[in-house]
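The structure appears below as structure tokens.
What's counted below: heavy atoms across the whole structure, side chains too, no hydrogens, waters or symmetry copies. All residue numbers in this chain count up from 1 along the given sequence.
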Amino acid sequence: RNYHVFYQLLLGSSAEEKQKYALEKELTSYHYLNQSGCTKVPTIRDEEDFQRMKMALTALDINQEEQEQIFSILSGILRLGNVEFSAGKGSDSSVVSEKSANHIKEASRMLGLQAKDLERTLVSKNMTVRGQSYQIQFTTRQAADARDALSKTLYAKLFEWITEKINHAIASSNQGTMKSFIGVLDIFGFENFAVNSFEQFCINFANEKLQQFFNQTIFKIEQQEYIKEKINWKSIDFKDNADCIELIEGKLGVLSLLDEECRFPKASDETFLAKINGQFLGKHEKFGQSKKAAKTIFIIKHYAGDVEYTVANFLDKNKDTLADDMLEILNKATVSLVKTLFPNATSETPGKKTPTVAGQFKDSLGKLMTTLMATHPHYVRCLKPNMQKIA
């Protein structure tokens, strides 16, 4: 399934709320919810969970107006997913399809935008080069990517806003002077699917960093302590994955080369693959090439096993930023929470490059590791339950 809150909103809302948020009756009416074929889980009570969620939001000082705007934004995201595009009159251009007119209208209303402005920023963007302004038309694929980028950014910004509200509500009065805390880290699971993309690459990078931390705290530090205490013991061999981490996040690692390639106007997934092949193939033992699909796949030899990554859409997913004219209309939204989520009408800070998704993920992971290194860790071994929830 997609995020639980979508199903809770659709199944748990009253008839009045369904009308207010322009909700469709059927879950399968939404593109973002109907692709997996799974909309119900027997052990989950979405209707009850929706009421519990509203009670929790109230308890955490998120008022009624803010809650209504949260649900309005969620409805707008679902409506955006239903917007489709067809070829425009010009070459390599697109327009919102006629059957999507109502979805654009309702998405705009839920987000507090003008429908014509939303439609324009989904199918084109403005660029300024040497003082000259140009309008760049999107192909149908690029328009769909712009739609999905907007949906993901709206959800991510909303999630961050709710997190900040919760942290503020539960913060201790001596937060500034507090020196000790107990934290619980629910780690990423290592992912290796039939098709692995940019998302799996980031998740497995995080796993490598966490595995390195585990090695350092459990093996290296403990063994150093045994040596210091002159305890008679047998050395434990373990895989040191520092070389794999260096391959990914090093100065000229995969992430650095990906960001570099994203800055070139004519760069593509294929040129990125050629660049990392030239840099690492046959030169780094943790990097490999697929024998079956050398032109579309590269291999990283992780501590948990080799993973084949399909390079398609790596560049688009790494950029995944909204155009300035899209940010401008969001900044002027009549739904105040949307305006709060997008306080700046430009994607760039003067003198700074627009951060990439990989760059933000790397920075966030770095802060997490800094926090972990300052703690005394304890580990809980987790068993993944089977899908039937049966012993």
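To the nearest 0.5 Å, the span separating CD on E98 from CD on E84 amounts to 12.5 Å. Atom CD in E191 sits 11.0 Å away from atom SG in C202 (nearest 0.5 Å). With rounding to the nearest 0.5 angstrom, the CD atom of E249 is 4.0 Å from the CZ atom of F205. Note that OG1 of T334 and CG of L113 are 7.0 Å apart. Values are rounded to the nearest 0.5 Å. Atoms CG and CG, on L33 and L10 in that order, are 6.5 Å from each other to the nearest 0.5 Å. A distance of 10.5 Å separates OG1 of T153 from CG of D148, quoted to the nearest 0.5 Å.
The closest donor-acceptor contact from the side chain of T121 to the backbone of D325 lies at 3.5 Å or more, if one exists at all. Using modelled atom types, no side-chain atom of T140 and backbone atom of S94 make a donor-acceptor pair closer than 3.5 Å. The closest donor-acceptor contact from the side chain of S93 to the backbone of G90 lies under 3.5 Å. Remark: the backbone N or O of Q360 is not paired with any side-chain donor or acceptor of D363 at under 3.5 angstrom. A donor-acceptor distance shorter than 3.5 angstrom exists from the side chain of S290 to the backbone of K292, with no hydrogens or angles considered. Between the side chain of Q51 and the backbone N or O of G12 there is at least one donor-acceptor pair closer than 3.5 Å. Distance alone, capped at 3.5 Å, is enough to place a donor-acceptor pair between the T375 side chain and the L372 backbone. S29 places no side-chain N or O within 3.5 Å of a backbone atom of K25 that could act as its donor or acceptor partner. Panel note: side chain N192, backbone D306; a donor-acceptor pair is recorded below 3.5 Å. With S364 contributing its side chain and F361 its backbone, the two residues share no donor-acceptor pair below 3.5 Å.
Taking F264 as the reference, nothing meets the ring-ring contact (aromatic ring centres under 6.0 Å, His included) condition, with sequence neighbours excluded. For A274, there are no side-chain contact (heavy atoms from CB on, under 4.5 Å) partners at least two apart in sequence or on another chain. Applying the ring-ring contact (aromatic ring centres under 6.0 Å, His included) criterion to Y30, with sequence neighbours excluded, gives no partner residue. For F159, there are no ring-ring contact (aromatic ring centres under 6.0 Å, His included) partners two or more places apart in sequence or in a different chain. Annotation: side-chain contact (heavy atoms from CB on, under 4.5 Å) contacts of K165 (sequence neighbours excluded): I62, E66, W161. Residues forming a side-chain contact (heavy atoms from CB on, under 4.5 Å) with D316 (at least two apart in sequence, or on another chain): R141, D145, N313. Residues meeting the ring-ring contact (aromatic ring centres under 6.0 Å, His included) test with F85, sequence neighbours left out: none. A search for salt bridge (Lys or Arg N to Asp or Glu O under 4.0 Å) contacts involving E260 returns K275, not counting sequence neighbours.
The list of side-chain hydrogen bond (donor to acceptor under 3.5 Å, both in side chains) pairs with a residue in residues 6-16, not counting sequence neighbours, reads S13-K18, S14-E17. Every pair passing side-chain hydrogen bond (donor to acceptor under 3.5 Å, both in side chains) that includes a residue from residues 295-304 is listed here, sequence neighbours excluded: E208-H302, H302-Y309. Applying the ring pair (Phe, Tyr, Trp, His ring centres under 6.0 Å) rule to pairs touching residues 34-56 yields F50-F71, sequence neighbours excluded.
Counted within 6.0 Å of NZ on K319, heavy atoms from surrounding residues, nucleotides or ligands total more than 12; the atom is thus considered enclosed. Enclosure of atom NZ in K40 by more than 12 non-hydrogen atoms of other residues, nucleotides or ligands within 6.0 angstrom is indicated.
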message: Apply side-chain hydrogen bond (donor to acceptor under 3.5 Å, both in side chains) to residues D259 and N318 and explain how you reach the verdict.
response: CA-CA 8 Å; D259 283 354; N318 190 41; 2.9 Å; yes
- request: Start with the C-alpha gap between V307 and F201, add the side-chain angles, then the distance that decides, and say whether side chain to side chain contact (heavy atoms under 4.5 Å, CB included) holds.
  value: CA-CA 9 Å; V307 179; F201 182 79; over 6 Å; no
- request: Kindly determine whether E24 and R79 satisfy salt bridge (charged side-chain N to carboxylate O under 4.0 Å, His left out), including the steps that lead there.
  value: CA-CA 9 Å; E24 299 279 9; R79 286 285 185 169; 3.4 Å; yes
- request: Show your working on side chain to side chain contact (heavy atoms under 4.5 Å, CB included) between K332 and I329 and close with a plain yes or no.
  value: CA-CA 5 Å; K332 296 178 180 178; I329 68 168; 5.8 Å; no
Without placing hydrogens or testing angles, list every side-chain donor-acceptor pair under 3.5 Å for residues 279-289, not counting sequence neighbours.
| from | atom 1 | to | atom 2 | distance (Å) |
| --- | --- | --- | --- | --- |
| K283 | NZ | G278 | O | 2.9 |
| H284 | ND1 | K286 | N | 3.1 |
| H284 | NE2 | D243 | O | 3.4 |

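Residues I300 and L210 are members of one and the same hydrophobic cluster, defined by side-chain heavy-atom contacts under 4.5 angstrom among Ile, Leu, Val, Met, Phe, Trp and Tyr. In terms of hydrophobic clustering, with Ile, Leu, Val, Met, Phe, Trp and Tyr side chains grouped at heavy-atom distances under 4.5 Å, L80 and V123 are assigned to a common cluster.
Counted by atom type alone, H31 and Q35 present one or more donor-acceptor pairs between their side chains at under 3.5 Å. Using modelled atom types and a 3.5 Å distance limit, the side chains of T271 and E261 yield a donor-acceptor pair. No side-chain donor from either of K251 and S256 sits under 3.5 Å from a side-chain acceptor of the other. Remark: the E26 side chain and the T28 side chain contain no N/O donor-acceptor pair separated by less than 3.5 Å. Under the 3.5 Å distance criterion, with hydrogens and angles disregarded, a donor-acceptor pair is assigned to the side chains of S97 and S100.
Judged by a 6.0 Å distance limit and a 45° cone about the ring axis, K157 is positioned over the six-membered ring of F342.
Here the closest heavy-atom approach between residue L122 and residue F138 is recorded as O-CD1, 3.2 Å. L118 approaches S108 most closely through the heavy-atom pair CD2-OG, 3.3 Å. Considering every non-hydrogen atom in both L154 and L341, the closest pair reads O-CD1, 4.4 Å.
Between R1 and D46, at least one side-chain N (NZ, or NE/NH1/NH2) sits under 4.0 Å from a carboxylate O, which counts as a salt bridge. Electrostatic pairing of K116 and E119 does not count as a salt bridge here, judged by no charged N lying under 4.0 Å from a carboxylate O.
Residues Y32 and F6 keep their aromatic ring centres 6.0 Å or farther apart.
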